[in-house]
Protein chains: 2
Amino acid sequence: MLGGDRRTLARAARQQADWQGAPGRPTRARSPSPPEDFLLMADSKPLCSRDGDPMAAEALLRDVFGIIVDEVIRKGTSASEKVCEWKEPEELKQLLDLELRNQGEASEQILARCRAVVRYSVKTCHPRFFNQLFSGWDPHALAGRIVTESLNTSQYTYEIAPVFVLMEEEVLKKLRALVGWSSGDGVFCPGGSISNMYAVNLARYQRYPDCKQRGLRALPPLALFTSKECHYSIKKGAAFLGLGTDSVRVVKTDERGKMIPEDLERQIGVAEAEGAVPFLVSATSGTTVLGAFDPLEAIADVCQRHGLWLHVDAAWGGSVLLSQTHRHLLDGIQRADSVAWNPHKLLTAGLQCSALLLRDTSNLLRRCHESQASYLFQQDKFYDVALDTGDKVVQCGRRVDCLKLWLMWKAQGGQGLERRVDQAFALAWYLVEELKKREGFELVMEPEFVNVCFWFVPPSLRGRQKCPDYSERLAKVAPVLKERMVKAGSMMIGYQPHGTRGNFFRMVVANPALTRADMDFLLNELERLGQDL
Amino acid sequence: MLGGDRRTLARAARQQADWQGAPGRPTRARSPSPPEDFLLMADSKPLCSRDGDPMAAEALLRDVFGIIVDEVIRKGTSASEKVCEWKEPEELKQLLDLELRNQGEASEQILARCRAVVRYSVKTCHPRFFNQLFSGWDPHALAGRIVTESLNTSQYTYEIAPVFVLMEEEVLKKLRALVGWSSGDGVFCPGGSISNMYAVNLARYQRYPDCKQRGLRALPPLALFTSKECHYSIKKGAAFLGLGTDSVRVVKTDERGKMIPEDLERQIGVAEAEGAVPFLVSATSGTTVLGAFDPLEAIADVCQRHGLWLHVDAAWGGSVLLSQTHRHLLDGIQRADSVAWNPHKLLTAGLQCSALLLRDTSNLLRRCHESQASYLFQQDKFYDVALDTGDKVVQCGRRVDCLKLWLMWKAQGGQGLERRVDQAFALAWYLVEELKKREGFELVMEPEFVNVCFWFVPPSLRGRQKCPDYSERLAKVAPVLKERMVKAGSMMIGYQPHGTRGNFFRMVVANPALTRADMDFLLNELERLGQDL
């Protein structure tokens with residue numbers, strides 16, 4: 001099928017000059033009625049045969065599936081293989097031959113391209129990939145993602161996504177139950193940043209429904225509050241939503257990175273004194289760097305006193321709600337108005353799986369976003385059009401993000417997912433204990449989550465804490481070690497400066513396949529990479 | 001591996017009450033230091049074995065892959081199978097057993113669940129799925145999507161997405177070249193609605209950079225212009241961005257649904273007279289219902305005279321740029337400042353593949369959106385940090401959307417994709433010619449694209465155009481036929497009212513596997529379904 005298609009194309013190509021990428025070239029005159037040769041073309045064989053021999057397409061997919069099993073699932077998760085294959089950008093461009101040409105390529109070339117893509121890509125499922133808040137993999141979640149891709153539908157109407165409309169609602173209901181709500185609303189968004197934006201937009205709409213039609217100029221100046229340790233998407237969102245980054249009032253945090261409720265109260269007073277109208281507080285459950293949990297009960301008290309919408313950005317820490325042992329870190333979350341929670345992080349559901357959960361039962365989400373496009377949300381459908389959830393969102397087409405989480409949950413059960421969360425905590429604690437036993441490692445602070453922040457102090461700096469250039473020199477260590485580990489392909493771990501602190505490593509324990517041996521490896525490898533510094 | 005994991009979990013479960021969904025229940029006291037049993041737990045076998053026997057995970061994925069080949073690719077594309085298996089929501093809920101429980105399930109159950117998900121999902125790759133602007137499938141694009149899912153990375157840094165950072169840039173460069181730009185910028189967005197929002201945000205930032213920090217209240221009232229036939233995302237976007245829907249000035253269209261440049265000019269004058277500052281015109285190349293192309297040259301002239309940002313929403317029509325024969329429909333697009341183009345529609349790249357293209361070479365995209373999060377975009381990295389494109393966008397994690405298009409393009413070549421576009425036009429024209437030959441079909445208008453809009457006039461209404469209730473009765477036909485076709489599973493085609501016109505069908509020819517026989521089927525099937533009306 002594909003071979004034949006390509007041969008036909010090759011013949012056509014010989015009769016036709018390469019025209020692409022030359023848009024200045026004059027095009028044929030308009031044809032008000034269809035020319036005869038196009039009717040002929042329509043009569044020809046379909047471009048992708050369907051009732052004919054599907055073997056070429058299937059063979060291609062089978063071969064690609066084989067590459068995935070061999071290269072991603074086997075090698076990509078093997079500690080004896082590299083986590084990445086570093087290439088300089090110019091070299092990588094050559095290796096990949098990225099240019100898109102007029103002529104198509106044969107199956108063997110396409111398969112070689114798939115192998116190259118996999119080879120030079122970072123293996124985020126590898127047991128030494130500690131670089132982001134997501135890592136590892138789950139076979140059921142991956143199965144769900146592959147089914148999702150093959151079904152290729154959009155989440156907007158029951159008509160074309162009956163299974164997924166019902167499934168999304170069930171998954172959201174489960175997540176809401178874990179938050180502590182027996183009713184409410186929600187939607188899966190393309191990432192936590194957009195979930196956070198939704199919360200801000202909903203809060204301002206709830207207070208000033210006029211905003212939707214008349215815009216922010218019709219409103220008094222607004223103020224929202226979040227801590228200095230919040231995710232950067234809060235400020236990005238404020239800019240995008242037209243509020244401006246100045247509308248974000250930054251609340252102080254304590255030494256562990258938790259929002260100080262008293263400073264929140266103070267800042268609300270300051271904003272009001274300046275003539276701004278406070279409308280939302282965004283608390284964080286699991287900050288990006290330190291993994292800190294804001295004190296939700298105390299913050300909810302403040303919100304209640306001042307009548308403010310409480311949003312909890314639990315993109316990272318939300319999954320802790322699954323753990324009976326650790327969910328106290330989010331005590332008070334049930335008092336929130338909205339919660340952002342990304343199961344693609346700690347639960348390895350796969351990018352992207354980001355839920356925005358709402359306590360609201362007044363259809364706020366739909367009222368805020370609906371525009372009632374008549375071509376999609378016809379009101380004279382033969383089923384209950386309340387099932388057409390597309391008008392709850394600012395997207396039109398929206399990917400199906402529920403199946404991967406649903407299928408994984410069905411396979412692992414809540415128990416299995418809880419065990420993963422508990423295991424991640426336990427391994428983080430193990431790492432902390434081991435790190436303390438070794439010379440040359442210094443904790444930034446005792447973690448309360450699975451972010452373990454620490455400095456590696458190389459031999460030349462040990463015992464020199466009193467030297468005036470100590471901090472400056474220590475800050476240069478992490479980038480050097482990072483370069484070495486990436487070029488060796490042995491490990492990937494993130495680092496960053498933070499406040500007045502120079503660069504330190506942020507280890508994230510998320511991959512459910514990790515063991516103590518991986519924690520030991522991390523420490524050994526840093527010692528090995530940094531022994532000459 | 002999975003079996004053993006589950007057995008362990010089952011044992012653990014017997015010792016533990018079901019606690020999930022009972023968030024009000026008190027949780028254990030805080031543990032300031034790790035309890036001994038957690039260190040023990042961390043020592044146990046990893047939850048997902050990796051160096052051990054990966055056979056269970058592989059077997060699951062192989063079985064799921066088999067389901068996809070059999071049920072989606074073979075049956076799902078076969079004209080002799082149903083396009084959908086309609087179930088009432090309550091019945092479908094029962095069939096799917098959606099509830100998420102504490103206990104996990106065995107592989108056989110999970111596979112049965114995958115089969116059920118596929119069975120009750122609509123087959124958008126089916127040759128009788130005409131319901132949306134996307135349909136059909138491409139094996140290479142699907143291969144790219146499956147590779148993307150297995151690699152599970154985020155597009156934000158070169159560090160963790162080296163292949164995809166370079167690939168995205170190359171794909172965007174190619175799309176820009178087809179627009180007519182030898183330089184520029186761009187990004188893949190989660191859908192055309194968000195691409196359109198980006199354009200509006202960039203246009204206001206370019207004119208008023210203060211907006212990012214100080215918000216819309218620091219700006220004069222703004223006005224943007226789009227036609228009455230534009231996509232509903234323009235108004236949704238204006239609300240979300242804080243401009244308010246009132247800021248969208250609706251320009252009249254001609255009888256074919258194209259924006260009237262003279263009315264645009266007039267509306268700009270009206271807005272200015274009312275004290276608003278015009279800043280953007282959003283023209284549409286390929287409107288949603290009629291498939292109309294706005295006259296870009298004339299609109300560009302207006303924008304040039306008034307110094308307005310010209311955005312072209314070519315989410316649907318952009319792929320016509322690949323056709324030497326038909327790209328004249330977008331003449332003038334090279335004069336735009338930004339273009340939204342969704343290759344997931346006519347090119348069957350798969351949801352979602354939505355490019356925002358910019359003519360700008362001043363790094364506007366980054367300046368508008370950057371927030372320089374130090375934990376992700378460290379400036380002391382060992383490679384050129386300009387490759388970290390994550391700060392160009394309002395998302396943080398961002399899915400890889402380039403590989404599916406790149407791989408398909410490599411396989412088909414520009415020629416193959418051009419042929420698909422031309423074929424779609426040819427089939428649409430064939431349908432129009434056939435439709436005219438039959439009694440009982442009435443064109444809404446001659447199409448200029450692959451949207452063919454028409455009424456089916458059932459026997460009882462033929463020759464009764466003069467009756468006072470004709471239009472009212474005709475408008476009720478499409479919903480009835482839609483219900484019948486969906487319940488039969490024979491076909492899916494969209495309908496909608498439009499302006500003063502009652503419900504009519506919008507046939508979309510996009511699936512590259514379609515043939516004349518499918519067009520004939522469409523007409524025959526409508527006649528069959530509507531013969532008693």
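Quick note: numbers below take in every heavy atom, side chains included, and nothing from hydrogens, waters or symmetry partners. In the text below, chain A, chain B and the rest are named by the order of the sequence lines, each starting its count at 1.
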Practice problem: Report yes if some heavy atom in the side chain of B/Leu61 is under 4.5 Å from a heavy atom in the side chain of A/Val69; otherwise report no. | Solution: no
Exercise. Could you tell me which of A/Ser154, A/Gly350, A/Ser233, A/Ser121 has the largest number of non-hydrogen atom pairs under 4.5 Å with chain B?
Key: A/Ser121
Practice problem: Taking the side chain as every heavy atom from C-beta outward, state whether B/Pro479 and A/Phe382 have any pair of such atoms under 4.5 Å apart. | Solution: no
Practice problem: Would you name the heavy atoms of B/Leu351 and A/Arg399 that are closest together and state the gap between them? | Solution: O-NH1, 2.9 Å
Exercise. Check the pair B/Tyr495 / A/Tyr375 against side chain to side chain contact (heavy atoms under 4.5 Å, CB included), numbers first and verdict last.
Key: CA-CA 7 Å; B/Tyr495 73 85; A/Tyr375 78 94; over 6 Å; no
Quiz item: Checking A/Val64 against chain B: side chain, backbone, both or neither under 4.5 Å from a heavy atom?
Solution: side chain
Quiz prompt | Per-residue contact mode, A/Lys93 against chain B (heavy atom under 4.5 angstrom) | solution = both
Practice problem: Evaluate side chain to side chain contact (heavy atoms under 4.5 Å, CB included) for B/Ser374 paired with A/His498, printing each intermediate quantity in order. | Solution: CA-CA 8 Å; B/Ser374 61; A/His498 184 261; over 6 Å; no
Quiz prompt | Largest heavy-atom contact set with chain B, pairs under 4.5 Å, which of A/Leu142, A/Thr153, A/Thr245, A/Val486 | solution = A/Thr245
Practice problem: Let me know if A/Asn131 has heavy atoms under 4.5 Å from chain B in its side chain, its backbone, both or neither. | Solution: side chain
Exercise. Please check if the side chain of A/Lys236 supplies one atom and the backbone of B/Val394 the other of a donor-acceptor pair under 3.5 Å.
Key: no
Quiz item: Who are the side chain to side chain contact (heavy atoms under 4.5 Å, CB included) partners of A/Lys87, not counting sequence neighbours?
Solution: A/Glu85, A/Glu91, A/Leu92, A/Leu95, A/Tyr120
Practice problem: Please look at B/Leu387 and chain A and tell me whether the side chain, the backbone, both or neither of the residue comes under 4.5 angstrom of a heavy atom of that chain. | Solution: side chain
Quiz item: Are the side chain of B/Asn102 and the backbone of A/Gly413 linked by a donor-acceptor contact shorter than 3.5 Å?
Solution: no
Quiz item: Quick one: of A/Ser193, A/Gly242, A/Cys125, A/Ser247, who has the most non-hydrogen atom pairs under 4.5 Å with chain B?
Solution: A/Gly242
Exercise. Using a strict cut-off of less than 4.0 Å between a Lys/Arg side-chain nitrogen and an Asp/Glu carboxylate oxygen, indicate whether B/Glu58 and A/Arg74 qualify as a salt bridge.
Key: yes
Exercise. Go through A/Ile194, A/Ile73, A/Asp380, A/Asn201 and name the one with the most non-hydrogen pairs under 4.5 angstrom from chain B.
Key: A/Asp380
Quiz item: Heavy atoms, side chains only, cut-off 4.5 Å: are A/Trp137 and B/Ser150 in contact?
Solution: no
Practice problem: Using non-hydrogen atoms and a 4.5 Å limit, figure out which bit of A/Val118 sits close to chain B: side chain, backbone, both or neither. | Solution: both
Exercise. Evaluate the criterion side chain to side chain contact (heavy atoms under 4.5 Å, CB included) for residue pair B/Ser371 and A/Lys235; output intermediate values, then yes/no.
Key: CA-CA 8 Å; B/Ser371 81; A/Lys235 282 203 171 181; 5.5 Å; no
Self-check item: Least distance between heavy atoms, A/His140 atom then B/Leu60 atom
Solution: CD2-CD2, 3.5 Å
Quiz prompt | For B/Gln132 against A/Ile160, the heavy-atom pair lying closest together | solution = OE1-CG2, 3.4 Å
Practice problem: Would you check if B/Ile146 and A/Arg145 make a side-chain contact, meaning some heavy-atom pair closer than 4.5 Å? | Solution: no
Quiz item: Hey, what do you get for CD (A/Glu149) to CD (B/Glu149), rounding to the nearest 0.5 Å?
Solution: 4.5 Å
Quiz item: Where do A/Cys396 and B/Tyr232 come nearest, in terms of heavy atoms and distance?
Solution: SG-OH, 3.2 Å
Quiz item: Highest number of heavy-atom pairs under 4.5 Å with chain B: which of A/Asp384, A/Leu241, A/Leu96, A/Val289?
Solution: A/Leu241
Practice problem: Decide yes or no for B/Glu99 and A/Trp409: does some side-chain heavy atom of the first lie under 4.5 Å from some side-chain heavy atom of the second? | Solution: no
Quiz item: Between B/Arg506, B/His231, B/Gln334, which shows the greatest number of heavy-atom pairs under 4.5 Å with chain A?
Solution: B/His231
Quiz item: Taking NZ, NE, NH1 and NH2 as the nitrogens, is one of them in A/Lys482 or B/Glu159 under 4.0 Å from a carboxylate oxygen of the other?
Solution: yes
Self-check item: Side chain / backbone / both / neither for A/Leu407 at chain B, heavy atoms under 4.5 Å
Solution: both
Quiz item: Does any non-hydrogen side-chain atom of B/Ile110 lie less than 4.5 Å from one of A/Lys410?
Solution: yes
Quiz prompt | Parallel, tilted or perpendicular: rings of A/Phe65 and B/Phe65 (30°, 60°) | solution = parallel
Quiz item: Partners of A/Arg214 by salt bridge (charged side-chain N to carboxylate O under 4.0 Å, His left out), sequence neighbours excluded?
Solution: A/Asp210
Quiz item: Looking at B/Ala143, B/Gly237, B/Gly191, which has the largest count of heavy-atom pairs under 4.5 Å with chain A?
Solution: B/Ala143
Practice problem: Name the option with the most non-hydrogen atom pairs under 4.5 Å to chain A; the candidates are B/Phe164, B/Tyr158, B/Tyr383. | Solution: B/Tyr158
Quiz prompt | Candidate pair A/Lys212 and B/Phe240, rule side chain to side chain contact (heavy atoms under 4.5 Å, CB included), full reasoning | solution = CA-CA 7 Å; A/Lys212 181 175 177 181; B/Phe240 199 65; over 6 Å; no
Quiz item: Among B/Arg398, B/Gln496, B/Glu483, which residue forms the greatest number of heavy-atom pairs with chain A at distances under 4.5 Å?
Solution: B/Glu483
Self-check item: Heavy-atom check, side chain of A/Gln352 versus side chain of B/Gln395, under 4.5 Å
Solution: yes
Practice problem: Could you tell me whether A/Glu170 and B/Arg101 make a salt bridge, using a distance below 4.0 angstrom between a side-chain N and a carboxylate O? | Solution: no
Practice problem: Would you mind checking which part of A/Val72 comes under 4.5 Å of any heavy atom in chain B, side chain (CB onward), backbone (N, CA, C, O), both or neither? | Solution: side chain
Practice problem: For residues A/Val122 and B/Leu151, determine if any side-chain heavy atom of one lies less than 4.5 Å from a side-chain heavy atom of the other. | Solution: no
Practice problem: Name the member of A/Arg113, A/Lys381, A/Met197 that forms the most heavy-atom pairs with chain B at distances under 4.5 Å. | Solution: A/Arg113
Quiz item: So which of B/Val171, B/Val147, B/Val163 has the largest heavy-atom pair count under 4.5 angstrom toward chain A?
Solution: B/Val163
